[in-house]
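In what follows, chains carry the letters A, B, and so on, assigned in the order in which the sequence lines appear, proteins first and then strands, with residues in each chain numbered from 1.
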Amino acid sequence: MNIDHRVIALIDMDCFYVQVEQRLQPEFLGKPCGVSQYYTWKGGGLIAVNYEARDFGVKRGMRGEQAKELCPDFHIFHVQEVNGKANLNRYRDASADVFRVLNANFKLVEKASIDEAYIDLTEDVQKLKDKKLQLTINDFSTTHLAGFTTKTEDERIEILNKWLNDCQLDDEKRNYDLLLGAYLIEQIRKKIKDQTGFFCSAGIARNKILAKLCCGFNKPKKQTIFTQSDIDHIFDKTPVQKIQGLGGKAGERVVELFQVEYIGQLRKYSLDMLQTSMGEKDGCWLFNLIRGIETTPVSNRNLYKSISASKNFPGKTCLDTIDKIRTWCYNLAEDVFNRLEKDRAENKRRAKLLTVICTLATNETITRSCPINEYSIDRFANDTLRILKQYNKNSLTSNIYTPVIHHIGISAGKFLDNINTKSIADLFSKQTTKIETITSTENIINCQEEEEEEEDNNTEENILEKPTTTTLPIQGDFFRKFQKFDEQTKIQLKSENKTTTSSSSITSFFSRYTSNENILNCSPNKIDDHYITCSKCHKSILIWNMPEHEDFHYAHELQIEENKTNSIIKSSKTIKRKNTNQTLDSFINKKSKM
DNA sequence: CATTTTGACGCT
DNA sequence: AGCGTCAA
């Protein structure tokens, strides 16, 4: 499958937090509303505003009181507070409602945020083609074409109808795929509404950037198709900052360096010029992007990579005593703990690393990590407190903390799958559960995405072998997903392989869009200093993964010990040992790449 | 005083 | 590992 022939959708829930609150209190449907947190100070800060309220000029980030001035009928929902801290679980749970619908209907869904999802529809569209549907305007009641601003419904129907007939009769521009994609998205949006009660908007295009961009063209409750032939005309009027990834300093730099306002104006610059100014990778990405080419894949990650709780303590509310700091360490630790416990029950995994983030009055932000050996509020809080105390310039006996703290965050990450008891040996006896198979396959996909420095031991054949050793019904589906991804990657690597010439003069701001070509070019030696050699297996291990790696050796030894003592068990045991060895290998591979 | 609280990811 | 950027 050609990467440029993909069909990608971006689904964005309309003012999601407001809808979540309105679902609980339907009497506010149709009224101007917003969701704010910390209502005592100027009515709190608005983190979501519905479209009725936007008509009055109310915006996200405004104070509740300010919104009331603009719109006297404005209703403010308040984010739940637990231990004096905003708690967003209500929205996380509602998000899960939405993603259950998406995951039940599509194979390749990427959770981009609490209220946004990318879907790769390429395969679904191909299947749909065989059905030879005769689609009419009635199948596209909320669909718009990017680049055509239609003032009336009649106008929308007229333009869309013409386009619809064009691509069904003569698909010269290859737009039929997008039409089928839009058809599927009309259906899923209806399904989301029926099953969750939430409205959403969507963009359908050939890549993620375009899907994301055009999703915003018609909102709310609508969807927009971005065809390749409309790119030039639309980009000529698209401010640089509207492109995802160019909304910050990177975009400013583009505007400054090239003296442009709209992204399309970059077309007059050669690849060489873009690369000379922006660096090879970023220049290449830009050059392709403005021609409608962008290859970032939709990943099929469903689970969070980190779970965190944080709070600001601005101005006078700053934390200036150990007692206050301790209290907030506990409050934050409790939130993280509760969510980690839920995650462990649902996903059979455990976070292994605790990261503490704090901002001091000196305006410096400090990040420090420590291992998580056990889920416990006390442990999380005390670890956090211990770390924070290291930056106290005051006497250890005093309760006063200097400099004062303006922000504390606790984040748990580096999840390890299938460790749900205290016994490390259990790691191996649980290897054949359903969940295990799913997650380990996902890990392999991630490894494939990330790793560059590994030699031949992770060839396609090797990787493909691993999941097949444990045969379970649900696995097949995930396995196919992976195969497809790998196939795409391979093609890209072959066709775009070229050598690096120079290092960029500018920091790489676009690196998240790194094409596969560039993954190939990434030099591994830059992080070589972080590797040490394990004395037991002589593998190269990232230094901060060493504790886990040693856990692995310990567990391995336990396993060998167990096998010796239980030599009576026969056939089933031999099979089990085989599987175990297989998973041990993948354990090593995974570790050495993290 | 005071867009908050999350998340993901890249660079070194 | 720790810092920085970007986004909603």
Nearest-angstrom distance from the residue atom [atom1] of [X] to [atom2] of [N]:
X: A:Lys414; N: B:dA8; atom1: NZ; atom2: P; value: 13 Å
X: A:Arg54; N: C:dA8; atom1: CZ; atom2: P; value: 12 Å
X: A:Asp282; N: C:dC6; atom1: CG; atom2: P; value: 11 Å
X: A:Lys249; N: C:dC3; atom1: NZ; atom2: C1'; value: 12 Å
X: A:Arg253; N: C:dC6; atom1: CZ; atom2: C1'; value: 14 Å
X: A:Leu213; N: C:dC6; atom1: CG; atom2: P; value: 18 Å
X: A:Arg90; N: B:dT5; atom1: CZ; atom2: C1'; value: 16 Å
X: A:Gln37; N: C:dA8; atom1: CD; atom2: P; value: 17 Å

Heavy atoms from C-beta onward define the side chain here; which of [options] lies closest to that of [X]?
X: A:Lys212; options: B:dT6, B:dT5, C:dA8; answer: C:dA8
X: A:Ile47; options: B:dT5, C:dG2, B:dT4; answer: B:dT4
X: A:Arg301; options: B:dA8, C:dA8, B:dT5; answer: B:dA8
X: A:Glu116; options: C:dA8, C:dC6, C:dA1; answer: C:dA8
X: A:Ser113; options: C:dA8, C:dA1, C:dC6; answer: C:dA8
X: A:Lys85; options: C:dA8, B:dT5, C:dC3; answer: B:dT5
X: A:Ser306; options: B:dT4, B:dT6, B:dA8; answer: B:dA8
X: A:Leu353; options: C:dA1, B:dG7, C:dC3; answer: C:dA1
X: A:Arg368; options: C:dC3, B:dA8, B:dT6; answer: C:dC3

What does [X] touch in the nucleic acid at a heavy-atom separation under 4.0 angstrom: a base, only the sugar-phosphate, or nothing?
X: A:Tyr38; result: sugar-phosphate
X: A:Ile114; result: nothing
X: A:Asp12; result: nothing
X: A:Ala309; result: sugar-phosphate
X: A:Lys42; result: nothing
X: A:Lys111; result: nothing
X: A:Leu46; result: nothing

Using a cut-off of strictly less than 4.0 Å, decide whether [X] has a side-chain nitrogen or oxygen near OP1 or OP2 of [N].
X: A:Ser308; N: B:dT6; answer: no
X: A:Lys311; N: B:dT4; answer: no
X: A:Lys242; N: C:dA7; answer: no

Out of A:Tyr39, A:Phe28, A:Tyr91, A:Tyr17, which residue meets the ring pair (Phe, Tyr, Trp, His ring centres under 6.0 Å) rule with A:Phe77?
-> A:Phe28

Which atom pairs link the protein and nucleotides 1-3 of chain B when you take only N or O atoms and keep those under 3.5 Å?
none

What residues, two or more places apart in sequence or in another chain, satisfy side chain to side chain contact (heavy atoms under 4.5 Å, CB included) together with A:Lys389?
->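 A:Lys389: side chain to side chain contact (heavy atoms under 4.5 Å, CB included) contacts with A:Ile322, A:Leu385.
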
Which heavy atom of A:Leu10 sits nearest a heavy atom of A:Glu116, and at what distance?
->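 Shortest heavy-atom separation between A:Leu10 and A:Glu116 comes out as CD1-OE2, 3.9 Å.
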
Aromatic [Y] / basic [X] pairing, under 6.0 angstrom, 45° off normal:
X: A:Lys219; Y: A:Phe217; answer: no
X: A:Lys111; Y: A:Phe99; answer: yes
X: A:Lys222; Y: A:Phe199; answer: no

Is a salt bridge present between A:Arg253 and A:Glu256, judged by a nitrogen-to-oxygen distance below 4.0 Å?
-> no

Taking 4.0 angstrom as the limit, do A:Lys208 and A:Asp120 come out as a salt bridge?
->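 No, no charged N to carboxylate O under 4.0 Å.
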
On a whole-Å scale, what distance lies between the C1' atoms belonging to C:dC6 and B:dT3?
-> 16 Å

Step through it carefully: locate the ring centre of A:His406, locate the ring centre of A:Phe313, and say whether they are under 6.0 Å apart.
-> no

